Each structure stands twice: as C-alpha cells, then as structure tokens.
Amino acid sequence: MKLSDQEMARKSKLERLAQENIDLFPRKVESTHSVYEIVAAFSSLSSEELEKKKEKIIVPGRIISVRKMGRATFFHIMDSRAKLQVYLREDKVSKRNYELFSLIDIGDIISVEGMLFKTQTGELTVLAESFTFLAKCLHPLPEKWHGLQDVEIRYRQRFLDLIMNPEQREVFRLRSAMISHVRKFFDGKGYIEVETPMMQPIPGGALARPFKTFHNALGMDLYLRIAPELYLKRLIVGGFEKVYEINRSFRNEGISSEHNPEFTMLEFYEAYADYNDMMDMTEELIQEMSLALLGKEEIAYGANKISLKRPWKRLKFKEALTTYSGLAPSRFDDRAGVIEFASTLTPEKQAPSYGKALDVIFDKCVKESLVQPTFVLNPPKEVSPLAKAARDDPDEAERFELVMGGMEIANAFSELSDPEEQRIRFEEQEQARKGGDEDAHWIDRDYIHALEYGLPPTGGEGIGIDRLVMLFADRKSIREVILFPLLRQKE
RNA sequence: GGCCCGUUAGCUCAACAGGUAGAGCAGCGGACUCUUAAUCCGCGGGUUGUAGGUUCGAGUCCUACACGGGUCACCA
C-alpha cells in the first residue's frame, strides 16, 4: 500500500514520538470526566464561578481542529456527544512539551489535564497543564468543513463517518434508544425476552428465500432464519403467555433502499389476544416511543409529516385496493382480469392466482400512497399461511399490515392454531413451491406437532426495526440506519 | 439482473467545444500567547476507478470491466 505524503508525515511523527520514549499505545488512562460531562456540567457557569471552583479535570478525546499561534495553541477535542476547546501555552506546559505537541496531528487521541475557564468569547475551555498521548491517527481526516460525503466510504469505513459526522452518530444513538424503549415497553407489560434459533433446519415464518449453510459435525444443512415466528409460537404452546424477541433475520433477496439481507425484527406473541389487541399495542408502542424519544407525536419524513396520534386509520385490504389502485371497484369481480392486470405489473413473473394478484396490486399501486400510519386489514388468506381466516370472509386472513411513509412497517395476525388447517395450508404452499414459487412456505411437521399440543388463541406481530428507525431518523435508505450494511466486496 | 447517473490530490469540488489537470481545506517550512472555517508569507502533493480503442493530442469521445448511487424487476 503506497502512503500519501500526509501519511508519511504522520508516520514519521509517530517514530519521533517513539524516540522520545513516549508510550505509543498506553494501557489505561485516568480521567475525571468525559468531554460531554464537562460540557454538561460546566457550560452554564460564569467565568467567576469557574475561577472560584478551580476545577481540575483530566479529559480524553480526539483532536478535531488545531489553531496554532506561536507559543500558544487552541484546539478542540471531542467525544461521541460533544466537543471542548483546549488552550495550550508554552509557559504552562514547558518548552519541551510544547514542542512535543507539534508531533500531534488532527485525529490523534490524547488526554488533557488542566483547569476550566472561559475565553473572551465565552467558550468553556481547558487551560492545559499537561497532556498525554493516547493514540496516533495515521491517516488524514476528511475536510473539517464539508466532512465526509462519499457514501461509499461512509458505509465501507463507518468509523470515519462516525468520527466526522455528528448527525450520523445521532442516528445510531436514536436507534439504540428505540431498541431500549421497545424492551422497556414489553418488559413493563410482563413479556419475557427470548432468543430462538438463527440457524434452522427448516426456514419458516415468512415467505422468502433463505441463506443456506452447513453444520460439519452433524452433516446437516441449515438455513439462516427468515423469521423467528414458528419458534416463538412453540414457546406460547410451552406456556409462556407473552414473549418477544428482537434480533436479526436474514433473507436472500434483492438489496434496495428498504431491504438489507440481514435486518432487525421485533416479534412478539401474546396468548389469549388477537390481531385487534396487536393493533392497539402497536399504536401505543410507537406513539409512546415518539413522545419519549422525539418529544412529539408527529414525525417529519422527507416532505411529509406523519401524525402518530391515536387511533390510526384502519382500512380493509379490499377497500385500500379500490380506493388507491386506480381500478374501478367492479373490476375486482373479474378474477381473470385481475390476474391479467397484476401480470402486467410484474412481467417477469405471472401472478399465479387471484389472491397473489391482489397482493401484487397492493404492493405496486397502493402501498406508496399510504403515508399516515394505516392498518391494512384482512389481506387474502392465500398469502397468509400462518394466520387464522377472517371472521366474516373465508378467503381473507385475520391479519394486518401496518404501512407508514409508504413502507410496510409491521405485519400481524391472529395466529392460526388449528393443526389440521395448518397442515392443509402448508400443503398448499408445498404445491406452490413445486409450481416454482421459491418463496412458498416449507412444510414444518415439527411445528404442526407442537400445535397438536394446543396453541391458545394468540396474537402475534413482527415490526421491522430498521424501517421504523428510518422513519424516526428521517432517512430514505435503510443503509443509513444500519451501521455496517452489506456491500459488494471490493477488488 | 435491465436502464440511467457517478468515480479527478488525504477530503470537498473545478477543469468551456478534445489542446500544459486547478482551488479550498488538510499537509510541510516560516511569523504570531484569547484563537475558533484563526490570520499572513512560502512550498510540496495526481498512473483523472481499471484495461483497451479512436486521435497529432483524451479527465473530456468509444468499448469492456470494477465499485457506488438512483430506478425498475425480484422481494417485505
């Protein structure tokens, strides 16, 4: 790897530091505060108050800017949440140490010991008495004014993105807070958090293509899970009334601004509940989350404002089709015509049936129109092999999809609990699979066996956490809310 | 996978119609003890994504490839 002139300069400074007998990789640094803690605790104090306090602090951080003026230097250090100015004077730190400081570059990590004061412009600043070298940054940092813009570098070298772009750090801080909120919410309702297999002999719980792997010792094919659903329902059979899991699922499909091959899903199941209860709980969870983390019930998403005020719109799947698809309601009576129409939307794959065709039309023509949170109720049963049939129509499923900002955020149903019907539905899926539908559900006999021990009436739901973060953080690409999104290998 | 767009110094970007690749920041040297996009003086830094082609001459035109973005398809 060829070094640039700037990298050579940094490397030679590192060597000179080594010659000065400075520990280049110290094991531990004592500190009294983080940068953020200092800013939070002392910013509001006046010069006089700081003077009186004589607070001596030791604070570590990364140098992000330097302004040298002869025998004095101002620079800023930062931590993940704040930055702090340091004032370094030759007469305070000794001539030798002041010269040593010239071996330190923007990007290096140091700790500074000194007293706090305020400059003439009122900025909280550390008057340094000494500094300790903690780590060398061997590459120049991106430009201070524009930061790092190149999306490819931002994703491939996320650490650089995080160093340079504070708003990006905030996205991931928000993501973390959202996940904490989810846990608090369910723990508070008496749910227990569980972990179910990510490697499964039969990938179930959703209609999607899996990643395949192999266990050497057992000589056994395994699949990365496409959903935790069937295992969570086994736990309901086992007697846990309320379970949730928040973790990764994997789908071997296209990558887009709404799809990453591995993504984080919240799934929760509650015995003696149905999909109506799930709707109430979803509204409550997301609305409270917004109030708690964003301080409001309305979120800005691109040019749109999304109101999370309850209750949210509830719309029958068929109504959604007739209202938003642009097709006259009467056209939906012509089953062959609907299949024909759906096929024009997906020329590479003919919709094999009426239910599938309706689903295609919903995806292509309806979803993007639903910006405000909308529960789309009762989609075709045939695309919902794990849901109970609707109470008033045997062709519909007792299921909803929550659509928001044009994206599907959640999917829930009153769980199918009749083992015999489940077996028939699996067999129908098997037929579709044989007919070339690679996404059709596999037959999971062990799951049917579990159902035979009795699954109580159960409501269950999955929420796409990444997409929810996109909405809360106002990001248009799922890669912006996943720390390390999958990219093609370079070279 | 199809189509469109992009790839120039460490970073952010210029370079008209094909005619010696530039700027700001960053870096290096110098001046400067309240600066904060510090300021002032000087200097270095490029296989223009890769490989070919057209041309007297290619960052610029053509072809292929790589990577990224967008979009459609596939898919939640």
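Chain letters run A, B, ... following the sequence lines, proteins first and then strands; every chain starts at 1. None of these values were measured; they are calculated from a predicted model.
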Between [N] and [M], how many Å separate the two [atom1] atoms, rounded to a whole number?
| N | M | atom1 | value |
| --- | --- | --- | --- |
| B:A21 | B:A58 | C1' | 12 Å |
| B:U60 | B:U55 | C1' | 13 Å |
| B:C40 | B:G19 | C1' | 37 Å |
| B:A64 | B:G2 | P | 11 Å |
| B:C62 | B:U54 | C1' | 7 Å |
| B:G22 | B:G44 | C1' | 15 Å |
| B:G10 | B:A66 | P | 25 Å |
| B:G45 | B:A26 | C1' | 11 Å |

Taking only residues two or more places apart in sequence, or in another chain, which ones meet [X] in a side chain to side chain contact (heavy atoms under 4.5 Å, CB included)?
| X | value |
| --- | --- |
| A:E430 | A:R433, A:K434, A:I443 |
| A:A410 | A:L402, A:E461, A:I463 |
| A:F211 | A:L224, A:F250, A:N252, A:P261 |
| A:R488 | none |

Looking at every strand, decide which applies to [X] at a 4.0 Å heavy-atom threshold: base, sugar-phosphate, or nothing.
| X | result |
| --- | --- |
| A:L487 | sugar-phosphate |
| A:E123 | base |
| A:G147 | sugar-phosphate |
| A:R488 | sugar-phosphate |

Nearest to the side chain of [X] - [options]?
| X | options | result |
| --- | --- | --- |
| A:F117 | B:G68, B:C34, B:G70 | B:C34 |
| A:Q149 | B:C13, B:A38, B:C34 | B:C13 |
| A:L148 | B:A26, B:C11, B:U35 | B:C11 |
| A:Y155 | B:C11, B:G69, B:A37 | B:G69 |
| A:A72 | B:G27, B:A37, B:U33 | B:U33 |

_Along RNA chain B (nearest heavy atom to each residue), the more 5'-positioned of A:Q85 and A:F263_ = A:Q85

*When the nearest nucleotide of RNA chain B is assigned to A:T125 and to A:S477 on a heavy-atom basis, which residue is associated with the more 5' position?*
A:T125

Now, which nucleotide makes the Watson-Crick or G-U wobble pair with [N], with each of the two distances under 3.5 Å?
| N | result |
| --- | --- |
| B:A37 | none |
| B:C3 | B:G70 |
| B:A23 | B:U12 |

Within this structure, what is the [atom1]-to-[atom2] distance between [X] and [N], rounded to whole angstrom?
| X | N | atom1 | atom2 | value |
| --- | --- | --- | --- | --- |
| A:L103 | B:C28 | CG | P | 10 Å |
| A:R158 | B:G68 | CZ | C1' | 14 Å |
| A:I64 | B:U35 | CD1 | P | 19 Å |
| A:H259 | B:G69 | NE2 | C1' | 18 Å |
| A:L3 | B:G10 | CG | C1' | 12 Å |
| A:E143 | B:C13 | CD | P | 9 Å |
| A:I106 | B:C25 | CD1 | P | 12 Å |
| A:R154 | B:G69 | CZ | C1' | 12 Å |

*Can you sort out which residues in residues 163-172 of chain A have a heavy atom within less than 4.0 Å of RNA chain B? Ascending by number, please.*
none

_No-H, no-angle donor-acceptor pair, A:S256 side chain to B:U71 base, under 3.5 Å_ = no

Tell me every residue that passes salt bridge (charged side-chain N to carboxylate O under 4.0 Å, His left out) with [X], counting only those two or more places apart in sequence or in another chain.
| X | value |
| --- | --- |
| A:K212 | A:D221 |
| A:E37 | none |
| A:E270 | none |

*Could you check A:E123, A:K83, A:K144 and say which one makes a side-chain hydrogen bond (donor to acceptor under 3.5 Å, both in side chains) with A:H76?*
A:E123

*Determine, for nucleotides 41-49 of chain B in 5'-to-3' order, which nucleotides have protein heavy atoms under 4.0 Å from the base (write B), from only the sugar-phosphate (write S), or from neither (write -).*
---BS----

Give each protein N/O atom lying under 3.5 Å from an N/O atom of nucleotides 5-9 of chain B, with the pair distance.
none

Hey, does the side chain of [X] come within less than 4.0 Å of [N]'s phosphate (OP1/OP2), counting only N and O?
| X | N | answer |
| --- | --- | --- |
| A:R209 | B:C74 | no |
| A:K68 | B:A38 | no |
| A:R67 | B:A26 | no |
| A:K476 | B:U71 | no |
| A:R10 | B:G27 | no |
| A:R89 | B:U33 | no |
| A:K364 | B:A73 | yes |

*salt bridge (Lys or Arg N to Asp or Glu O under 4.0 Å) contacts touching residues 60-82 of chain A (sequence neighbours left out)*: A:R71-A:E90

Less than 4.0 angstrom from a charged side-chain N to a carboxylate O is my criterion; do [X] and [Y] meet it?
| X | Y | result |
| --- | --- | --- |
| A:E152 | A:R156 | yes |
| A:R225 | A:E245 | yes |
| A:E396 | A:K388 | no |

What I want to check is whether the side chains of [X] and [Y] have a donor and an acceptor closer together than 3.5 Å.
| X | Y | value |
| --- | --- | --- |
| A:E398 | A:S414 | yes |
| A:T73 | A:R89 | no |
| A:R399 | A:N411 | yes |

*asked:* Which residues pass the ring-ring contact (aromatic ring centres under 6.0 Å, His included) test with A:F131, not counting sequence neighbours?
replied: A:F101

